Amino acid sequence: MSSNGSSSSPVKSTGLHVGAIKPGVAKKDPILVADGVRRQFGGLVAVDVAHVEIPRNAITALIGPNGAGKTTFFNLLTGFDQPNEGSWSFNGKSLAKISAFKVARMGLIRTFQLTKALGLLTVMDNMKLGSTDQNGENLRASLFPFLWKKKEGEIEAKALEILTRFKLDTKRDDFAASLSGGQRKLLEMARALMTNPELVMLDEPMAGVNPALTQSLLDHILNLKKEGMTVLFVEHDMQMVRHIADWVIVMAEGKVVAEGAPDEVMKNPAVIDAYLGSHQDIDLGAVTGRITLPKIPKEK
Amino acid sequence: MDFLGIFNSSISFIIAPTTIAYALATLGLALHFGFGGLLNMGMAGFMALGAYGYAIGILSFGLPWYFAAFVGIAASIVFALILGIPTLRLRGDYLAIVTIAAAEIVRLVLLSSAFGGLTGSADGLSGFNGPGGTVTNPTVGAGGFNDSNPIPPGEYGFVPFLDNERTWYLRIVGIIILGLAIFVVWRLVNSPWGRVIKGIREDEDAVRSLGKNVFAYKMQALIIGGVLGALGGLMLAFSTNVNSSVYVTSLTFFLWTALLLGGAATVFGPLAGSIIFWVLQAFLGLVFPALAEAGLMPFTTIQAAQIKYIIVGFALVLLVVFRPQGIFGNKKELTFVK
Amino acid sequence: MRTMSTMRRKASRLASAVGAFVLAFGVLGLASPAQADVVNPEMPFKISGNVQNKGEPIAGVTINFAGGGGFAATVVTDADGKFTAGVPEKLADYTVTVDETTLPDGIAVIDNPATEFIEANVQTVTVGPGGRVTMNFFIGQGERHVTSMFDQVVQRLISGLNFGLMLALASVGLSLIYGTTGISNFAHAELVTFGAIATFGLVAVMGEGLLWLAIPIALVLSGVLGWGVDAALWAPLRRRGMGLVQLMIVSIGLSLGIRYTYQFFIGGKTEQLPGSGAERFNLFGSVSLSIIDIVSMGVSVLIIIVFAWWLSASKIGKATRAISDNPSLAASSGIDVDGVVRIVWIIGSVLAGFSGILWAYFRPGIRWDMGGQILLLIFAATTLGGLGTAYGALVGSLIVGILVEGSSLFIPSDLKYVGALVVLIGILLFRPQGILGRKERVG
Ligand SMILES: Nc1ncnc2c1ncn2[C@@H]1O[C@H](COP(=O)(O)OP(=O)(O)OP(=O)(O)O)[C@@H](O)[C@H]1O
Ligand SMILES: [Mg+2]
């Protein structure tokens, strides 16, 4: 499954927006809409997004320099953090004040920048945790195996299928803690897919994954779109963003400073400004591209 | 020195009611900490509520003993709810401090003379198990736990398990409760529910991001473990008087020692840990004074009786340092524990 | 509620009747309470109480009991004015009579049914379902109201401040240790006890006159102990990278081991440091203080100021805060983490040892588990302020101290620790990170 025309350019979705391209431009079919979302840490305004819409069934990249507020924005959207003000909705349903687990149940699944593999669970158990319709997770039902054994088998088959796609099937009985950093990233993504999400939000899925594997990871992401999912991902590597993203949103100092199709947005002066400050003579792709180092060192 | 006597007394702790009570409470701790990652340092409070709920139910409200037992269990459930609602959102180390504080609150309230009429304050409560128990007054607690004993009076068994019908009844009831409890916990932790709980132990945010109601799961675990603690308290109350001086912080620490002896994330570890803990306690508590009396140790017998506690303390240190997975635990798991 | 006001009169004498009783039980509760004179101890139910004149216990008063079935008993109050009688039945009435001829000259039990106090010398009492009843004879009640509410509040505040400062010495150390190593050190209680026991031992060897010398030597020994435990145990575990929960349990084991070692050597009794019974003098109204209270508060404040200066201005103090903030960053920026942690252990132990000496005067008395008795309050103070922030621990300690002492104005004094612990849980409900702590980030 990992090789359906991966080396050639993927098919990009176009015509996602309505009207002139500007930060906060309306989309034809938005899946997620945020309005006036603000989050302050003491005096620091980490996120201050006036308006942004995420197009459905497309791959959107969220980029921006370190500390731009991308992760914080993810946390806010998924209920892991509460904003000082603002509203946002998913499929038209308001998500403000909805707790994180309910957001996840609505089909909005996220991964974490600092990987959260469940170390002392096996890879398979990690995967099974992702399933959403296992009745045996209910306390009373859990005491009666005949109520959930059959479902368990189905879940296992599905998990194995996804693990095979991510080349983790041989590790199924190992503790997640024994996986390498990159494998944990893969596991986290695979686990997220177990939930049959509508919108997948990936926080730097490619960080720490070796270049050979990134290619197949990119294919996975493209496949998600083919299967009808929407993907929003954070990535520092512009080559990859250019390669797979249908749409790019640029954040700097908490605000959305630019939006657009990948190739256009790179030429936007606001973006160059946000990334490079005074070093505007350097080509942006060269600075943030993975192969043509040097890369800006990450925080944390 | 009576070595055989000491040996027999120690061995008899294998199925002593106290050992069974510890095993129940430790099993609760295993569910809390070993499987759910909840750092409960207030297990003594749950036990106290089980024991006092039972005793007060009989003495103050005149309930039959089996209903009173449910009062004890209900009290521990209410305690878990009151404790859980504010604290389950807290980071682990805060949870430890809050639970230890809550258990102390329970103990101090039970000890306070303000509620002496109900709790007997410093004297505790007695005479609720009915005739044949520790009371001199036959009318109190008639039809109590002791009266439900179907075993005809007499001595049964063989040394070191030679005991009267009351002790045997206690043991049998205790073993049945413990057996059921172990079975239920085994079922739980090997089910999808157990998988979620273990996931929460590893990283609750990750589990939350998969759409699980982490708070509800933690609360369920807290309640079930707490009920096991209350059952431990009940077991103690079946066998003797209740007194707040039993349900002190050290009791919780001893339970932790038993838990870590057996292995925190295991189902049979708590039982094994409790047995080892008690057999050793009994043995050391007898052998040192005997040695001192025989003039083989340069201490008074009172000092010699303290040595076992010193040993428990330092043994706990050595255990965590050198065999943190306990006797039944899986060494493989520890390779990754930070 | 009313009966408590007699306690209030005894103001900051912390270990007064009921207080002593709670403290004697302490966290471990292995010791038995101060014994009242007892008759019929083998009987299952109890009538107990005390006899006081204007808040002072009266010893040697004869009390007679009579009940159904021809039951009769006589007991004489002990030095604390207390008595206890075993009775055979509960849910039964007993007649309790104070033998007025045994009261001191000039004192009589006044039969005054207008007050709710039990003042008649013949009373009927019902032993309830709990099988226990308390029956107090307060003679000359009227005078209790002389203590104005204002005086009581002032007295409690001073006491609370004193207690809080003492807690602060222990809790800033605990907090520093937590901040730099992540250890929730349950054995801190034993460091507290050590200061008091070491002083006691030194005084016993050197003579009471050399108390001024014994205290500094005891503090040096405390520091050596802190250093030793770090070198022998914590440093190796740190190098092994042991988890925080494991470290916490190690500290629990250490605490138990050391605590019972103390008991092994000094037994279960309470010892006094020289000068602990110092005369109290009146400030105004009925507010009184002893010279020990004043010295203790003065020295605590001084030490805390020096400590605060050290933490904020000295090189090692700054390094300490840097490590608390971000250990790996501090390590990578060239700070000798191990060295700083060693110093933190030494300073934390010295502060704890000093607080132990003050605690020995405040209780008053030295016991093997005296540190354990306040361990939870120290933790409460540290947590309240925000784990790992030294200034937070200071604020938390003062709050806990004043809360504990102040609450006995409103609730029975044997529940005063309960008040502080309830507030701890309450505050964490609204500010899980403590008062001065910071929230952690997700993801
Ligand atoms: N819990 C917090 N407390 C205080 N400040 C925070 C917190 N979380 C984030 N911040 C601050 O908010 C800003 C945005 O952080 P965020 O993690 O969202 O950046 P980011 O865009 O994800 O950066 P990166 O690309 O490096 O991951 C940063 O300056 C960070 O220091
Ligand atoms: Mg980020």
Side-chain angles (χ1 to χ4, degrees), chain A residues 74-75 78-80 99-112 114-122 124-145 147-149 151-152 155 174-179 188 191-192 194-197 201, chain B residues 31 33-37 88-89 180-181 183-225 227 263-266 324-325 329-338:
Chain A
F74 263 38
N75 287 346
T78 50
F80 279 86
S99 46
F101 82 91
K102 285 189 187 144
V103 172
R105 279 189 195 168
M106 292 164 100
L108 198 172
I109 297 289
R110 56 93 53 97
T111 65
F112 296 88
L114 300 173
T115 327
K116 292 187 186 294
L118 305 167
L120 293 188
L121 262 53
T122 61
M124 187 44 110
D125 276 347
N126 263 277
M127 292 297 286
K128 285 179 179 172
L129 256 186
S131 70
T132 48
D133 49 359
Q134 172 53 282
N135 186 32
E137 288 179 358
N138 179 305
L139 178 62
R140 254 159 300 162
S142 71
L143 287 171
F144 306 103
L147 291 177
W148 47 263
K149 266 275 163 7
K151 184 81 207 171
E152 196 74 352
I155 292 170
D174 292 2
F175 281 133
S178 71
L179 299 183
E188 204 186 2
R191 193 176 62 195
M194 282 295 288
T195 62
N196 295 326
M201 295 173 51
Chain B
L31 188 66
F33 174 71
F35 294 105
L88 288 180
R89 298 177 310 153
L180 277 175
F183 177 73
V184 167
V185 171
W186 174 78
R187 261 284 146 82
L188 282 178
V189 301
N190 289 305
S191 73
W193 184 87
R195 189 163 62 215
V196 179
I197 282 291
K198 289 183 237 173
I200 291 172
R201 173 190 71 195
E202 298 301 313
D203 192 324
E204 60 176 77
D205 278 332
V207 177
R208 196 171 278 134
S209 76
L210 295 171
K212 316 291 178 209
N213 186 350
V214 168
F215 180 81
Y217 279 101
K218 280 166 111 177
M219 187 61 102
Q220 288 170 348
L222 187 68
I223 289 175
I224 297 170
V227 166
T266 61
Q325 78 274 30
N330 182 352
K331 179 83 197 171
K332 201 172 88 180
E333 290 185 7
L334 281 158
T335 337
F336 309 111
V337 175
K338 265 213 306 97

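The structure displayed is predicted, hence computed values, not measured ones. Reminder, nothing fancy here: chain letters follow the sequence lines and each chain counts from 1.
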Are any of the side-chain heavy atoms of B/Tyr217 and B/Trp193 separated by less than 4.5 Å?
-> yes

Minimum side-chain heavy-atom gap B/Leu188-A/Leu139 below 4.5 Å = yes

Worked check of side-chain contact (heavy atoms from CB on, under 4.5 Å) between A/Met201 and A/Leu108 = CA-CA 7 Å; A/Met201 295 173 51; A/Leu108 198 172; 3.1 Å; yes

Gap separating the CD1 atom of B/Ile200 from the CG atom of A/Leu129, nearest 0.5 angstrom | 9.0 Å

Sort [X] into side chain, backbone, both or neither according to what part of it lies under 4.5 angstrom from a heavy atom of chain B.
X        : value
A/Thr78  : neither
A/Lys128 : both
A/Glu188 : neither
A/Asn138 : backbone

Considering only heavy atoms and a distance below 4.5 Å, find which of [options] pairs most often with chain B.
options                      : answer
A/Thr132, A/Thr195, A/Leu121 : A/Leu121
A/Ser99, A/Ala104, A/Gly136  : A/Gly136
A/Lys151, A/Arg105, A/Lys149 : A/Arg105

State whether the side chain of B/Glu202 and the backbone N or O of A/Leu120 hold a donor-acceptor pair below 3.5 Å, judged by distance alone.
-> yes

Do you know which of B/Lys198, B/Gln220, B/Lys212 has the most heavy-atom pairs with chain A at a distance under 4.5 angstrom?
-> B/Lys212

Who wins among B/Arg208, B/Arg187, B/Arg195 for the most heavy-atom pairs under 4.5 Å with chain A?
-> B/Arg195

Which heavy-atom pair separates A/Trp148 from B/Ser191 by the least distance, and what is that distance?
-> CZ2-CB, 3.6 Å

What's the shortest heavy-atom distance between A/Ala176 and A/Ala117, and which atoms?
-> CB-CB, 4.1 Å

By a 4.5 Å heavy-atom criterion (distance strictly below it), what part of B/Ile224 contacts chain A: side chain, backbone, both, or neither?
-> side chain

